[in-house]
S.K.: 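What follows is a structure written as structure tokens; I'll ask about it next.
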Amino acid sequence: VFVCNAVVSMYGRCGELGSARQVFEEMCQSGVFDLVSWNSIVAAYLQNADSKGALLLFDRMTRMGDVEIRPDAVSIVNVLPACASLGLWLHGKQVHGFAIRSGLFEDVFVGNSLVDLYAKGGMMNEANKVFERMQEKDVVSWNAMVTGYAQSGQFDYALSLFEKMREDDIELDVVSWSAVIASYAQKGLGCEALDIFREMLLCGVKPNEVTLLSVLSGCASVGALLQGKETHCFAIKCILRTIQSDPGFEVSVINSLVDMYAKCKSFDQARALFQLLAPEERDVVSWTTLIGGYAQHGDANDALDLFARMIKENEFLKPNAFTISCALMACARSNALSFGRQIHAYIIRNHYDLT
RNA sequence: UUCUUACUACCC
């Protein structure tokens, strides 16, 4: 069982959901499975962004009525983020009730997942209730609260909670810092984001890919080319093309650099970085970033050329609503009515959902 | 052997 559970988990992590499911079903057929098997297959669905599948499996698990297979803390912690991502708040509340009834609420992970569930739903009163009732809190509990306040528009609460973390001598980790930097960056307060970033470095906390994405977004929002370049150097030293970094994150960091340079009107730099990505590495964000950069801060005709290239060069990469809106903005700026009509026709031809 | 928190692209 141990070995098969590990195999299910391994396939899940490698993105081989089908194989994970197959091994799991074979285990069920032969009756060789335990709670960990169920938790592993549910986790595999979550890791592959299939919350619906995860919930369906969880339901099947609870409906079996097997006394050996009662949900434990791990099961709860699997199912709560699935509820959150699907917006099933009522379902989440039911799981909350179950956690209390079964004594699993004492578990820090369970408490943290509940805080996060309510925070993601903008129900900060509920989140705070859970937070206050938790006997044992850790840095994750605090981080989830700070992020929840920031994302529900209660930015002052987020900041004062962050201050309180420091007063209470809670060891701030890279997530705590990145969350605050991201919050400032999302509000377009690039200078404040950079201030927090500097403080983070002074405290000796090492930034990761996510931190850099927010820092660069902050630089971009205020056109801070100098700080953007510094961040670029940092990225080269610590993230880009290094052994331990995830290639997916690398593309994201390069996309952010393209965005930063474009918004600082350094289009040669932006384009050079874009070209640093192999054609097959470029994703929708890479294209949209550069198209949007030209559309708003540069020559709108360049934006339109890029849009045409995007469609021609990679038939598997579909422009999304962001891309289209950037392209249309470029048409408007350069009075390109006929190109605009072509895009209009493209939208209709490809059945874009206009909601 | 399984689990929780931060993140990049349009306009406003």
Side-chain angles (χ1 to χ4, degrees), chain A residues 1-10 12-13 20 24 34-44 46-47 54 71-82 84 104 107-117 119-120 127 138-148 150-151 172-183 185-186 188 207-221 248-249 251-260 262-263 283-293 295-296 303 319-330 332:
Chain A
V1 199
F2 290 75
V3 176
C4 291
N5 288 343
V7 170
V8 170
S9 164
M10 181 274 292
R13 279 181 214 282
F24 174 78
D34 59 9
L35 182 56
V36 174
S37 320
W38 280 96
N39 289 342
S40 302
I41 189 69
V42 172
L46 282 175
Q47 282 154 8
D72 67 354
V74 174
S75 322
I76 300 299
V77 169
N78 273 330
V79 79
L80 286 174
L104 296 172
D107 187 283
V108 206
F109 277 42
V110 170
N112 289 343
S113 303
L114 283 167
V115 168
D116 182 53
L117 170 82
K120 290 237 161 70
D138 61 12
V139 67
V140 173
S141 333
W142 288 86
N143 291 345
M145 285 297 290
V146 169
T147 306
Q151 288 178 350
L172 299 177
D173 64 6
V174 63
V175 175
S176 325
W177 289 101
S178 303
V180 176
I181 294 170
S183 305
Q186 282 159 7
N208 63 15
E209 295 89 338
V210 176
T211 321
L212 292 193
L213 294 181
S214 297
V215 171
L216 287 168
S217 160
C219 293
S221 72
F249 267 128
V251 175
S252 305
V253 170
I254 293 176
N255 288 344
S256 275
L257 284 165
V258 169
D259 180 49
M260 182 275 294
K263 293 213 171 103
D283 60 15
V284 187
V285 177
S286 318
W287 285 98
T288 306
T289 304
L290 198 55
I291 292 170
Q296 288 173 89
N320 62 20
F322 285 146
T323 324
I324 305 264
S325 104
C326 291
L328 289 172
M329 203 183 312

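What's counted below: heavy atoms across the whole structure, side chains too, no hydrogens, waters or symmetry copies. Lettering of chains follows the sequences in order, A, B, ..., and the numbering in each one begins at 1.
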S.K.: Using a cut-off of 4.0 Å on non-hydrogen atoms, how would the nucleic acid contact of Asp138(A) be classed: base, sugar-phosphate, or nothing?
M.R.: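 No contact.
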S.K.: So does Asp173(A) reach the base of A6(B) with its side chain, donor to acceptor, closer than 3.5 Å?
M.R.: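 Side chain to base: no pair below 3.5 Å.
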S.K.: Reckon Thr147(A) touches a base, only the sugar-phosphate, or nothing at all at heavy-atom distances under 4.0 Å?
M.R.: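 Sugar-phosphate only.
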S.K.: Is there a donor and acceptor pair, one atom on the side chain of Ser214(A) and one on the base of C7(B), closer than 3.5 Å?
M.R.: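 Under the 3.5 Å cut-off, the side chain and the base do not form any donor-acceptor pair.
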S.K.: Is there a side-chain contact between Lys120(A) and the phosphate of A6(B), meaning an N or O under 4.0 Å from OP1 or OP2?
M.R.: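 Affirmative; the distance criterion is met.
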S.K.: How many Å lie between CG on Leu35(A) and P on C3(B), as a whole number?
M.R.: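 Rounded to whole Å, this separation is 13 Å.
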S.K.: Please work out if Ser113(A) contacts a base, only the sugar-phosphate, or nothing of the nucleic acid, heavy-atom cut-off 4.0 Å.
M.R.: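 Answer is sugar-phosphate: Ser113(A) comes under 4.0 Å of backbone atoms only.
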S.K.: Need one value for Asn78(A): base, sugar-phosphate or nothing, where a base atom within 4.0 Å counts as base even if backbone is also close, heavy atoms only.
M.R.: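 Sugar-phosphate, backbone atoms only, no base.
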S.K.: Under 4.0 Å: is that the gap between some side-chain N or O of Gln186(A) and OP1 or OP2 of A9(B)?
M.R.: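 Answer no for this pair, as no side-chain N or O of Gln186(A) is under 4.0 Å from OP1 or OP2.
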S.K.: With a 4.5 Å cut-off on side-chain heavy atoms, are Asn255(A) and Asp283(A) touching?
M.R.: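 Yes, at least one pair of side-chain atoms sits under 4.5 Å.
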S.K.: Given U5(B), A9(B), A6(B), identify the nucleotide with an atom nearest to the side chain of Gln151(A).
M.R.: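 Minimum distance to the Gln151(A) side chain belongs to A6(B).
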S.K.: Below the 4.0 Å mark, does U1(B) have OP1 or OP2 next to a side-chain nitrogen or oxygen of Arg13(A)?
M.R.: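 No.
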S.K.: Report the nucleotide, chosen from U2(B), C7(B), U5(B), that has the shortest atom-to-atom distance to any side-chain atom of Val175(A).
M.R.: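 For the Val175(A) side chain, the nearest candidate turns out to be U5(B).
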S.K.: Please give, in whole Å, the distance from U8(B) P to Lys263(A) NZ?
M.R.: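 Atom-to-atom, Lys263(A) to U8(B), this comes out as 11 Å.
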S.K.: Could you state the CG-P distance from Leu114(A) to C3(B), rounded to the nearest angstrom?
M.R.: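 Distance, rounded to whole Å: 18 Å.
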S.K.: Please work out if Ser40(A) contacts a base, only the sugar-phosphate, or nothing of the nucleic acid, heavy-atom cut-off 4.0 Å.
M.R.: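 Touches sugar-phosphate only.
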S.K.: Is there a donor-acceptor contact under 3.5 Å from the side chain of Thr289(A) to the main chain of Val285(A)?
M.R.: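 Yes.
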S.K.: Kindly write out the residues that satisfy side-chain contact (heavy atoms from CB on, under 4.5 Å) with Ala303(A), not counting sequence neighbours, or none if the list is empty.
M.R.: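 Checked Ala303(A) against side-chain contact (heavy atoms from CB on, under 4.5 Å); matches are Ile291(A), Tyr294(A), Ala295(A), Ala330(A).
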S.K.: Can you find a heavy atom in the side chain of Cys326(A) that is under 4.5 Å from one in the side chain of Thr288(A)?
M.R.: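 Yes. Closest side-chain heavy atoms under 4.5 Å.
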S.K.: Of all the nucleotides listed (A6(B), U5(B), U8(B)), which has the minimum atom distance to the side chain of Ser178(A)?
M.R.: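 From the listed options, A6(B) comes nearest.
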S.K.: Please give, in whole Å, the distance from U8(B) P to Asp259(A) CG?
M.R.: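 Result: 11 Å.
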S.K.: Starting from P on U4(B), measure out to CZ on Phe109(A) and report it in whole angstrom.
M.R.: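 Whole-Å distance recorded here is 8 Å.
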S.K.: Look at the side chain of Thr323(A) and the backbone N and O of Asn320(A), then say whether any donor-acceptor pair between them is shorter than 3.5 Å.
M.R.: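 Yes.
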S.K.: Report the distance from atom CG of Leu46(A) to atom P of U4(B), rounded to the nearest whole Å.
M.R.: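 My rounded result for the distance is 8 Å.
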S.K.: Round to a whole Å and report the spacing from CE of Met260(A) to C1' of A9(B).
M.R.: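 Value for this atom pair: 15 Å.
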S.K.: What nucleic acid atoms does Ser325(A) come within less than 4.0 Å of, heavy atoms only: base, sugar-phosphate, or nothing?
M.R.: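 Base: the residue Ser325(A), judged by heavy atoms under 4.0 Å, touches a nucleobase.
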S.K.: At 4.0 Å (heavy atoms only), tell me whether Asp34(A) reaches a base, stays on the sugar-phosphate, or touches nothing.
M.R.: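 Contact class for Asp34(A): none.
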S.K.: Where the side chain of Thr289(A) is defined as all heavy atoms beyond and including C-beta, which of A6(B), A9(B), U8(B) is the nearest nucleotide?
M.R.: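 Among the listed nucleotides, the one closest to the side chain of Thr289(A) is A9(B).
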S.K.: With respect to the side chain of Val210(A), which nucleotide from C7(B), U4(B), U1(B) is positioned closest?
M.R.: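 Within the option list, the nearest is C7(B).
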S.K.: Would Phe322(A) pass as stacked on C10(B), i.e. its ring centre under 5.5 Å from the base's six-membered ring centre and planes under 30° apart?
M.R.: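 No; by the centre-distance and plane-angle rule, Phe322(A) does not count as stacking on C10(B).
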S.K.: Specify the separation, in whole Å, of atom CG of Asn143(A) and atom P of U4(B).
M.R.: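 Answer to the nearest Å: 14 Å.
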S.K.: Who passes side-chain hydrogen bond (donor to acceptor under 3.5 Å, both in side chains) against Ser178(A), sequence neighbours left out?
M.R.: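 Applying side-chain hydrogen bond (donor to acceptor under 3.5 Å, both in side chains) to Ser178(A) gives Thr211(A).
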